[in-house]
Amino acid sequence: MDSTPSRHPYTFAVIAPYGNMAALAKKLAADLPCSLLVRDTVALDAAAEAARQVLQEAPVDVILSRGGTADYIRGAVDVPVVSVSTTALDLLRTLLPFAGQVRRIAFFNYKEPMLGVGMVGQTLGITIREYLFHTRDDMMSNMLKAKAEGAEMGVGGILTSGMREVCGLPGILLEAGEDAVLRALREALSMAEVRRSFQERAARMHTILNSIAEGILVTDERNVVTLLNPTAERLLQLKADEALGRPAQTVVPNTRTGAVLRSGQPELNEVQDMGGVTIVTSRVPIVVGERPVGVVCTFSEAGRIQQAEQRLRGKMRAKGFAARYTLDDIRTRNPAMRAIKDLARLYAGTDATVLLQGESGTGKELFAQGIHLASARRGGPFVAVNCAAIPESLLESELFGYEEGAFTGARRQGKAGFFELAHQGTLFLDEVSELPRPLQARLLRVLQEREVVRVGGSQVVPVSIRIVCATNRDLEEWTRVGQFREDLYYRLNVLLLAIPPLRERPEDIPHLALFFLQSALSGAAREEAARKLPEKRLLAHAWPGNVRELASVMERLALVASIMPDADWEELLDQIWRPRFSSLENTGGPELRVALGGSLKSMTHSLERSAIERLLREHGQDQGKVAELLGISRMSLWRKLNKKG
């Protein structure tokens with residue numbers, strides 16, 4: 001076993017079925033905020049025992065292992081397990097030395113087929129047949145079947161190394177490369193962050209339950225007491241350890257928790273006598289799906305109390321919302337962008353509303369996440385909502401939530417909206433300019449009053465949130481033409497950050513391109529990226545999709561360059577990418593048509609529609625692909641196609 005002192009915020013256990021994986025994990029983890037506990041094991045049944053042993057020695061946030069070994073461990077421990085998944089690129093690296101020597105290869109893969117196996121076979125001139133297995137017995141059967149079907153060699157996980165003993169054919173190990181191990185480590189980091197956030201929220205909830213003035217008693221699906229807070233201990237005149245594990249009716253003789261558990265219906269604000277003291281009680285069923293699995297009973301000596309769901313502000317339901325990127329993650333060499341980052345740090349110190357303006361793909365959400373993580377609300381949720389991506393008919397209920405029975409299909413017990421889920425944190429409204437006018441008025445009220453009312457409800461729910469908005473429109477002009485409320489515009493435009501497009505900061509183009517390339521490459525290709533990068537070719541393009549477009553192009557270039565390492569990168573770039581709409585010249589496809597005459601606005605719309613229709617024809621009417629190429633949402637694409645005049 002190899003261990004590193006736990007000086008990092010997260011601890012990962014690596015159960016490595018072969019030595020190379022352990023070495024790669026230790027190398028790559030050196031630059032990440034985690035420490036590793038490594039176990040080397042080759043036997044599948046030994047992997048679970050190794051995982052249990054390491055959990056006894058130290059607190060571990062996430063366990064990493066390979067394929068079937070990871071699945072085996074997952075069934076034996078309660079800690080999250082991340083699988084280090086191999087890719088077609090790993091298969092290509094492994095089989096490259098056998099090109100021209102072996103004609104038929106059996107590839108043994110655990111459970112799910114691998115994308116790109118056929119492409120690897122075509123590249124190497126080898127027939128590769130993939131055999132899926134779920135158990136060791138499946139694997140043994142597949143080995144015998146592969147030999148019978150003419151395989152000359154096998155490749156796969158650790159079980160493949162025993163192929164010669166089973167059927168007389170050689171078996172080679174498919175090892176995960178640096179990119180696969182790094183992806184797994186990053187996935188483990190994200191999982192650990194969410195898990196730690198959940199644990200912190202659970203601890204906060206425990207503190208709330210044990211410090212509030214109301215008494216709280218919770219039962220499970222058998223109506224057995226599972227929680228009793230100090231106030232409830234005082235009102236019931238007994239200790240928690242005397243009540244926990246006992247039926248609720250023996251703890252509170254006149255309780256109705258059993259009736260609520262059977263009916264699944266809440267009983268709110270009812271008067272009850274408890275040991276000669278008159279109290280107001282609410283009993284709320286805990287429902288999973290449509291099945292009651294317990295009851296929350298709250299009681300107080302004074303006045304009516306709010307529903308448990310509203311008092312707790314949906315804390316547990318907000319556990320999945322978290323920001324990932326800090327302002328330091330925004331890479332730039334442009335002085336103007338550096339000044340904008342400094343301004344964002346300054347804005348993060350306030351609770352005022354921030355408006356981010358910039359073209360699609362410039363990184364507005366990165367700034368929103370960075371502002372959140374630099375603010376005093378960093379421990380709260382970061383809830384991101386794309387106002388253009390949600391159908392108008394659903395947007396109101398998604399933002400503000402709804403009560404049971406508010407409309408046909410409404411969920412039982414209602415649902416908290418994004419405003420409630422963002423309580424104590426940040427709500428990021430992307431493409432805020434696309435909000436329908438009626439919702440603009442409701443958003444204005446939330447900004448003014450810091451309270452929401454669910455659809456179909458009457459209860460006012462106070463919320464403590466910081467709002468960050470983003471738009472790719474000139475919102476002032478949008479207001480002038482009557483598409484956006486003027487009073488809302490001034491409420492949103494308190495702190496403005498105007499993010500310049502990539503074409504206005506040319507020094508960032510090669511800088512970001514190299515970063516994206518090196519993130520996607522490994523080995524010698526990564527080291528040569530700076531020398532081979534076709535900077536002049538990249539600088540000549542206007543990048544209408546901005547950083548998002550640049551990242552997409554570099555990802556494609558990295559994939560092709562990894563397969564053809566000796567090729568000229570500028571030629572590869574020409575093969576995978578043709579900048580579109582750099583001029584109105586015909587490049588061999590249909591012309592872009594513009595209806596001359598009329599207003600400039602109508603001619604601009606005609607040209608825009610012609611460009612979209614041309615792209616749709618070229619990509620088989622795939623609206624999702626065309627929206628991605630243009631750097632806009634599918635909803636925006638639909639609006640542009642259906643816009644009148």
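When all heavy atoms are compared, the tightest approach of Arg196 to Asp61 is NH2-OD1, 3.2 Å. Taking all atoms of both residues into account, the shortest heavy-atom contact from Pro500 to Thr362 is O-CG2, 3.9 Å. Of all non-hydrogen atoms in Gln623 and Leu637, the two that sit nearest each other are O-CD2, 3.4 Å. Tyr489 and Glu476 get closest at one heavy-atom pair: OH-CB, 3.6 Å. Residues Ala29 and Leu185 share a closest heavy-atom pair of N-CD1, 4.0 Å. Taking both residues in full, the closest heavy atoms of Ala520 and Ala558 are given as CB-CB, 3.5 Å, listed atom of the first, atom of the second, then distance.
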Please table the atom pairs, donor to acceptor, closer than 3.5 Å between any side-chain atom in residues 379-388 and protein atoms at least two apart or in another chain.
unit_1 : atom_1 : unit_2 : atom_2 : d
Asn386 : OD1    : Ala388 : N      : 2.9
Asn386 : OD1    : Ala389 : N      : 3.2
Asn386 : ND2    : Glu431 : OE2    : 3.3

Return all side-chain donor-acceptor pairs below 3.5 angstrom for residues 509-519, not counting sequence neighbours, or 'none' if the list is empty.
unit_1 : atom_1 : unit_2 : atom_2 : d
His511 : ND1    : Arg333 : NE     : 3.2
Ser519 : OG     : Phe515 : O      : 2.8

Side chains of residues 336-344: which donor-acceptor pairs under 3.5 Å do they make with residues two or more places apart or in other chains?
unit_1 : atom_1 : unit_2 : atom_2 : d
Lys341 : NZ     : Leu327 : O      : 3.2
Lys341 : NZ     : Ile330 : O      : 2.8

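The shortest distance between side-chain heavy atoms of Pro266 and Ser282 does not fall below 4.5 Å. Looking at Met554 and Leu538, their side chains come closer than 4.5 Å, going by heavy atoms from C-beta outward. For the pair Gln357 and Leu496, the minimum side-chain heavy-atom distance is below 4.5 Å. Using a 4.5 Å cut-off on side-chain heavy atoms (C-beta onward), Asp329 and Leu366 make no contact. A 4.5 Å side-chain heavy-atom check between Pro59 and Thr11 finds every atom pair outside the cut-off. Proximity of Val468 to Thr426: side-chain heavy atoms (C-beta onward) are separated by under 4.5 Å at one or more points. Looking at heavy atoms from C-beta onward, Leu355 lies in side-chain contact with Thr471 at the 4.5 angstrom threshold. When side chains are defined from C-beta on, Asp430 does not count as touching Leu356, because their heavy atoms never get closer than 4.5 Å.
Remark: Phe419 pairs with Phe400 by the ring-ring contact (aromatic ring centres under 6.0 Å, His included) rule, at least two apart or across chains. With sequence neighbours excluded, the residues forming a side-chain contact (heavy atoms from CB on, under 4.5 Å) with Arg183 are Thr87, Asp179, Ala180, listed by chain and number. Arg450 is linked by a salt bridge (Lys or Arg N to Asp or Glu O under 4.0 Å) to nothing, counting only residues two or more places apart in sequence or in another chain. Taking Thr332 as the reference, Asp508 meet the side chain to side chain donor-acceptor pair (under 3.5 Å) condition, with sequence neighbours excluded. Contacts of Pro391 classified as side-chain contact (heavy atoms from CB on, under 4.5 Å), with partners at least two apart in sequence or in another chain: Ser393, Leu394. Under the ring-ring contact (aromatic ring centres under 6.0 Å, His included) criterion, Phe367 pairs with no residue, sequence neighbours left out. When the side-chain contact (heavy atoms from CB on, under 4.5 Å) test is applied to Glu187, the partners found at least two apart in sequence or on another chain are Val82, Met191. A search for salt bridge (Lys or Arg N to Asp or Glu O under 4.0 Å) contacts involving Arg442 returns Glu396, not counting sequence neighbours.
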Side chain to side chain contact (heavy atoms under 4.5 Å, CB included) assessment of Arg345 paired with Asp328: CA-CA 10 Å; Arg345 287 191 178 90; Asp328 291 333; 2.5 Å; yes
Given side chain to side chain contact (heavy atoms under 4.5 Å, CB included), test Arg485 with Thr479 step by step and report yes or no. CA-CA 6 Å; Arg485 290 179 62 109; Thr479 301; over 6 Å; no
Walk me through it: do Arg466 and Thr350 pass the test side chain to side chain contact (heavy atoms under 4.5 Å, CB included)? CA-CA 9 Å; Arg466 203 271 180 78; Thr350 76; 3.4 Å; yes
Might you work through the salt bridge (Lys or Arg N to Asp or Glu O under 4.0 Å) test for Glu434 and Arg473, ending with a clear yes or no? CA-CA 10 Å; Glu434 310 309 307; Arg473 295 187 183 275; 2.7 Å; yes
Stepwise side chain to side chain contact (heavy atoms under 4.5 Å, CB included) test for Leu435 and Leu395: CA-CA 9 Å; Leu435 272 178; Leu395 188 56; 3.6 Å; yes
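Judged by distance alone, the side chains of Asn472 and Ser360 do bring a donor and an acceptor atom under 3.5 Å apart. Remark: the Asn546 side chain and the Glu359 side chain contain an N/O donor-acceptor pair separated by less than 3.5 Å. Side-chain atoms of Arg377 and Ser464 include a donor-acceptor pair closer than 3.5 Å.
A salt bridge is absent between Arg324 and Glu193; no separation between the charged side-chain nitrogens and carboxylate oxygens falls under 4.0 Å. Between Glu451 and Arg445 there is a salt bridge, with a side-chain nitrogen of the basic residue lying less than 4.0 Å from a carboxylate oxygen of the acidic one.
Atom OG of Ser433 is separated from atom CD of Gln440 by 9.0 Å, given to the nearest 0.5 angstrom. Here the SG atom belonging to Cys469 is positioned 4.5 Å from the CG atom belonging to Leu492, to the nearest 0.5 angstrom. Atom OG of Ser375 and atom OH of Tyr347 lie 15.5 Å apart (nearest 0.5 Å). Here CG of Asn493 is found 10.0 Å from OG1 of Thr353. Values are rounded to the nearest 0.5 Å. Separation of atoms CG (Leu427) and NE2 (His372) is listed at 11.5 Å; rounding is to 0.5 Å. In this structure, CG in Leu182 is found 6.5 Å from CG in Leu32, a value given to the nearest 0.5 Å.
Between Phe12 and Tyr10, the ring planes lie parallel to each other; the angle is under 30°, not in the 30° to 60° tilted range.
Cation-pi geometry between Arg503 and Trp543 is not satisfied (NZ or CZ under 6.0 Å from the ring centre, within 45° of the ring normal).
Applying the ring pair (Phe, Tyr, Trp, His ring centres under 6.0 Å) test to every pair with at least one member in residues 440-477, sequence neighbours left out, gives no pairs at all.
Open room surrounds CD on Glu486; 12 or fewer heavy atoms of other groups in view lie less than 6.0 Å from it. Other residues, nucleotides and ligands contribute at most 12 non-hydrogen atoms within 6.0 Å of the CD atom of Glu555.
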